[in-house]
J.: 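Below is a structure I'd like to ask you about.
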Amino acid sequence: MTNVAGPSWDLSTEYLSPTDPAIDADLATLTSLLDQIEEKNQILTPLVSAAEPLDTASRDLAVATARDIYVLANDARKYLANPSTYASCVLSVESNHEEAKLLSGRLTKYRVRFSELMQPSQLFLDLSEDEVITSYLAEPPISESTWAVNHSRKRRHELLSLNEENLVGALSQDGIHAWGRLYTELSGKLRCLVAADNEQREVGIAEAAALMQSTSDRTREDAWQAINRAWTDHEDTCAAAINALAGWRLEMCKRRSHAETVHFLDRPAHASHIERQTLDAIMQVAADSKPMARRAAKAMARAYGKSRYGPWDNRAPAPEMPSAESSFPFAKGLEVISQAYGEVDSTMGEFVDMMASKQWIEGTIGPHKRPGAYCTSFAKSKTPRVYMTYGGSMSDITVLAHELGHAFHHWVMKDLPDAQRSYGMSLAETASTFGETLVRDAVLQTATTPQQALSVAWEEMSAIVSFLLNIPTRFEFEKDLYEAREARPLLPTELRKLMSDAWISWYGDALSEPDELFWISKLHFFISGISFYNFPYLFGYLFSQSIYQRRASMGDEFFDRYSGLLRDTGRMSAEDLANEHLDGDLTTPEFWQETVNALEARVTHFETLCDEVCP
């Protein structure tokens with residue numbers, strides 16, 4: 001496996017090490033900026049807290065002070081985010097890196113202080129009368145934040161008092177975020193015994209998860225069982241963590257319901273820049289599409305000579321077949337992606353090549369790497385980085401294509417003001433899943449035998465099963481968890497049952513057995529900064545499919561319209577984006593159903609290939 005692994009990334013353009021004096025210099029600059037914001041807050045806070053309406057002079061002073069804070073905060077975010085991103089990147093590759101741990105811990109006080117100092121201006125922007133905000137936004141550079149300010153104001157009925165918001169921010173670091181850090185630390189240190197090459201080996205979770213991309217059904221199942229055995233020893237700890245995360249959020253919903261009821265799905269939908277009506281529509285269409293998605297799962301199982309899909313098959317590659325490539329060295333995988341991206345526009349292919357030449361991709365295999373894959377970017381240089389564990393499968397190429405899609409999204413927005421570069425999670429998955437589809441279809445066109453075609457079409461089926469069955473399974477579990485947690489904390493046995501029920505609800509008779517410990521092994525349930533890290537993937541997949549399906553009809557205009565859509569993701573809601581760039585209404589099931597209907601032919605094609613190759 002090591003002969004196909006990807007390269008290590010270069011972080012030295014930002015800092016040379018977690019003890020680099022440049023970090024101290026950045027934090028000194030950050031401290032100076034925070035001190036200036038604190039001085040400005042001495043003017044703004046009494047105005048925000050005033051019981052009586054402000055007179056004209058006081059309003060003008062508040063507007064001018066809030067503008068000053070905006071400029072200072074824009075700079076401060078860069079100096080806080082840059083070392084934070086660096087520490088996270090280092091710890092992703094080497095979870096036991098002591099100096100990076102110390103840096104990460106050191107940054108906590110800066111995050112707390114920044115959060116507290118931003119509360120007065122945030123409350124001013126959220127609670128002020130419309131005419132005051134119009135005045136505030138009237139001139140550049142403040143005007144660049146117009147959409148972000150107005151979007152935030154949609155949830156202003158949730159706000160607590162300034163002192164209460166400061167208290168929540170301070171307590172969260174050793175409250176909800178501490179539970180998230182506990183899980184992250186545990187996942188990086190956890191070891192498990194796996195059966196590989198006719199021997200037992202002790203490996204980290206990420207390395208064990210990589211074995212679940214083996215073409216051996218037995219190896220995948222053994223790795224899945226090994227991971228679950230390792231997590232079982234920490235079941236009580238993880239149950240405490242997930243209960244605490246859900247409990248904290250539910251309590252905050254209760255506290256914020258002083259003006260109107262706040263539901264636990266309101267904030268995730270708002271953070272994703274979508275309406276609850278859109279979320280309801282997409283979940284309805286997913287539920288209606290169960291029969292088609294289950295057919296895809298059953299066909300994948302049949303390709304492996306079995307009748308049902310196993311929970312260890314989520315990342316399974318296509319079974320080994322004559323005349324079908326089964327292993328792709330990193331250079332070959334990158335070439336496949338570069339060519340596929342380049343078919344849309346040459347600049348997209350050039351971007352992939354640049355990511356590799358600048359060593360902005362991490363793909364090594366290591367014993368202390370954290371599981372998963374992600375794309376991040378450095379705030380000062382606005383340069384992206386892609387993280388994954390590359391093992392050489394077609395699935396790894398798909399993951400790399402996915403993360404490079406995120407990176408391209410970052411790249412086309414890099415010249416925009418920071419206030420227009422923050423987009424919701426649902427829209428964040430648009431470019432990534434679009435990239436996956438590009439690569440799958442490009443490789444499928446080069447297939448010369450049914451075996452090769454099945455090997456490539458497998459990735460499409462894997463996406464359909466993942467997005468239309470696995471993601472809704474996660475959503476249903478998390479939704480059921482929050483509803484049950486309203487009454488009391490859940491026992492590990494109850495969490496297991498909720499998880500099993502969700503698997504069975506979505507996979508039905510296509511499933512060999514549910515993964516009752518998926519609530520532990522899936523990192524997304526333990527991310528403290530955001531809940532329901534699931535439905536945005538379904539949204540992103542179907543939204544990107546809708547874009548992809550319009551590619552031919554748009555002709556030569558497609559790339560400009562596509563890149564224009566990506567650039568607008570930080571300054572429009574998803575609904576407005578679809579209306580502006582796709583002439584579609586996301587709040588209706590019809591929009592999503594039309595997209596899903598187009599996938600039916602792909603499932604039928606795969607079933608036909610299975611009939612021919614795997615009778």
J.: Looking at D611 and R302, is there a salt bridge between them, counting it only when a charged N and a carboxylate O are closer than 4.0 Å?
T.: yes

J.: Classify the angle between the aromatic ring planes of F378 and Y86 as parallel (below 30°), tilted (30 to 60°) or perpendicular (above 60°).
T.: tilted

J.: Can we say R308 and D313 salt-bridge, meaning some charged N sits less than 4.0 Å from an Asp/Glu carboxylate O?
T.: no

J.: Are L538 and M283 packed together at the side-chain level, in the sense that at least one heavy-atom pair is separated by less than 4.5 angstrom?
T.: yes

J.: I'd like to know if R440 pairs up with E459 as an ion pair, taking the criterion as any Lys NZ or Arg NE/NH1/NH2 lying under 4.0 Å from an Asp or Glu carboxylate oxygen.
T.: no

J.: Could D509 and K298 be called an ion pair, given the rule that one side-chain N must be under 4.0 Å from one carboxylate O?
T.: yes

J.: Please check: side-chain N/O of S338 versus main-chain N/O of L334, any donor-acceptor pairing under 3.5 Å?
T.: no

J.: Once the angle between the rings of F408 and Y341 is folded into 0 to 90°, is it parallel (under 30°), tilted (30 to 60°) or perpendicular (over 60°)?
T.: perpendicular

J.: Should the pair K369 and Y387 be classed as cation-pi, given the thresholds of under 6.0 Å to the six-membered ring centre and 45° from the axis?
T.: yes

J.: Is the H524 ring parallel, tilted or perpendicular to the Y533 ring (thresholds 30°, 60°)?
T.: parallel

J.: Out of H409, H402, H410, which one pairs with H406 under the ring pair (Phe, Tyr, Trp, His ring centres under 6.0 Å) rule?
T.: H402

J.: If we count only N and O atoms by modelled type, under 3.5 Å, do the side chains of Y562 and D345 hold a donor and an acceptor together?
T.: no

